[in-house]
Amino acid sequence: PPASFDWRDHNAVTPVKNQGMCGSCWAFSTTENIEGQWAIHRNKLVSLSEQELVDCDKLDDGCEGGLPVNAYEEIIRLGGLESEKKYPYDAEDEKCKFTVGDVAVYINSSVNISSNEADMAAWLYKNGPISIGINAFAMQFYMGGVSHPFSFLCSPDELDHGVLIVGYGTKKGWFSDSPYWIVKNSWGASWGVQGYYLVYRGDGVCGLNKMPTSAIVK
Ligand SMILES: CCC[C@@H](/C=C/S(=O)(=O)c1ccccc1)NC(=O)[C@H](Cc1ccccc1)NC(=O)N1CCC(N2CCOCC2)CC1
């Protein structure tokens, strides 16, 4: 794989979204992974419905939390994901309004990806953006640059946020180079670097390598 790669340069990433006052980060991590899979394998980039997952995914807890691995399973059970347009986001738990006739995309299965960050970069380059869990402690104070908090401040064993890795690169420094991941967040475009988080790549910081997953679109 190349030294750097960014799926935003290959029309596989929608604009940054905002989950608002609802703990639905897991749904954004899931829909945005599938947006990437569909764009890469069907050459169609369409914004997908997080609200369908908040309302209809019975394995998860809507605004009270969830896991992409559960959401992939529920999307297969339901029969697919509607577009954001057809099933818009309301940032609150509501009655399920899923209509199978309005499905925009479907997935065939999902995979757990290796926690080795070199393997993750190779997988991303070959297949697309990766959904991850992360300890968001350092994200709450993030103002830019390559985030590399001490592990006692950002325990890799306390994942509490779902986000999406869309690329990777290396920042050339005065004394040393910093390899980083480009992470798409769901806290709006005024957060971080136009909505994105640059975090150190290579030492499992904040547990970002603990739960890398993706949907599979054949
Ligand atoms: C209250 C839910 C908060 C929400 C994200 C909110 S958030 O607003 O993005 C945020 C995160 C951190 C700091 C500040 C703000 N977090 C989650 O949904 C996180 C996301 C995550 C964690 C680990 C790996 C991958 C993804 N998940 C979780 O919070 N949970 C995982 C699923 C679990 N369910 C229990 C019942 O049985 C089904 C599973 C509920 C807790």
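Values below: all heavy atoms of this structure, side chains included; hydrogens, waters and symmetry mates excluded.
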*asked:* Can you tell me which residue among Asp60, Asp55, Asp61, Val54 is in a side-chain contact (heavy atoms from CB on, under 4.5 Å) with Asp57?
replied: Asp60
*Please determine which of Val183, Leu159, Asn135, Val199 meets the side-chain contact (heavy atoms from CB on, under 4.5 Å) test together with Leu208.*
Val199
*Can you name the nearest heavy-atom pair linking Ser24 to Tyr89, along with the distance?*
OG-OH, 2.7 Å
*Just by modelled atom types, is the Ala27 backbone N or O under 3.5 Å from a matching donor or acceptor in the Thr31 side chain?*
yes
_Evaluate Gln19 against Ser186 for side-chain hydrogen bond (donor to acceptor under 3.5 Å, both in side chains), listing each step before the verdict._
CA-CA 6 Å; Gln19 67 190 72; Ser186 50; 2.7 Å; yes
_Check whether Lys184 reaches the backbone of Thr14 with its side chain - one donor and one acceptor, N or O, closer than 3.5 Å._
yes
*Can any side-chain N or O of Glu32 pair as donor or acceptor with the backbone N or O of Leu48 at less than 3.5 Å?*
no
*Spacing of OG belonging to Ser147 relative to CH2 belonging to Trp181, to within rounding of 0.5 Å*: 15.0 Å
*asked:* For Asn127, is there any backbone N or O sitting under 3.5 Å from a side-chain donor or acceptor partner on Gln37?
replied: yes
*State, yes or no, whether a side-chain contact exists between Glu73 and Leu59 at a heavy-atom distance under 4.5 Å.*
yes
*Would you sort out whether Glu52 and Lys97 count as a salt bridge (Lys or Arg N to Asp or Glu O under 4.0 Å), showing the intermediate values?*
CA-CA 7 Å; Glu52 178 189 322; Lys97 299 173 276 297; over 6 Å; no
*Backbone of Met120 reached by a side-chain donor or acceptor of Glu117 within 3.5 Å*: no
*Residue pair Asn209, Ser115: steps toward the side-chain hydrogen bond (donor to acceptor under 3.5 Å, both in side chains) verdict*: CA-CA 5 Å; Asn209 64 330; Ser115 288; 4.9 Å; no
*Decide yes or no on side-chain hydrogen bond (donor to acceptor under 3.5 Å, both in side chains) for Ser47 and Lys17, but give the supporting numbers first.*
CA-CA 10 Å; Ser47 187; Lys17 305 183 189 186; 3.0 Å; yes
*Verify, without hydrogens or angle tests, whether Trp7 (side chain) and Leu124 (backbone) share a donor-acceptor contact under 3.5 angstrom.*
yes
*With Tyr200 via ring pair (Phe, Tyr, Trp, His ring centres under 6.0 Å) - residues at least two apart*: His148
*Start with the C-alpha gap between Asp177 and Lys171, add the side-chain angles, then the distance that decides, and say whether salt bridge (Lys or Arg N to Asp or Glu O under 4.0 Å) holds.*
CA-CA 6 Å; Asp177 291 347; Lys171 185 174 178 187; over 6 Å; no
*Applying the side-chain contact (heavy atoms from CB on, under 4.5 Å) test to Ile132, which of Ile113, Val163, Thr213, Asn33 qualifies?*
Val163
_With a 3.5 Å distance limit and no angle check, can you tell me whether Ser151 reaches the backbone of Cys154 through a side-chain donor-acceptor pair?_
no
*Do Phe137 and Leu153 come within less than 4.5 Å of each other through their side chains, counting heavy atoms only?*
yes
*Would the Trp26 and Phe28 ring centres measure less than 6.0 Å apart?*
no
_Taking the six-membered ring for Trp, are Tyr142 and Trp187 closer than 6.0 Å centroid to centroid?_
no
*Ser110 versus Tyr72, closest heavy-atom pair with distance*: CB-CD1, 3.3 Å
*ILVMFWY cluster, Tyr87 and Val105 together (side-chain gap under 4.5 Å)*: no
_Set out, in order, the CA-CA distance, both residues' side-chain angles and the distance that settles salt bridge (Lys or Arg N to Asp or Glu O under 4.0 Å) for Lys58 and Glu74, then state yes or no._
CA-CA 7 Å; Lys58 296 305 166 207; Glu74 283 291 273; over 6 Å; no
*For the side chain of Thr99 and the backbone of Gly101, is there at least one donor-acceptor N/O pair under 3.5 Å apart?*
no
_Exceeds 12 heavy-atom contacts within 6.0 angstrom, atom CD of Gln194_ = no
*Heavy atoms of other groups near Lys44 NZ, more than 12 under 6.0 Å*: no
*Heavy-atom donor-acceptor pair, Asp102 side chain to Lys86 backbone, under 3.5 Å*: no
*In chain order, what residues pass the salt bridge (Lys or Arg N to Asp or Glu O under 4.0 Å) check against Glu82, with sequence neighbours excluded?*
none
*Under 4.5 Å between any side-chain heavy atoms of Tyr168 and Asp6, yes or no?*
no
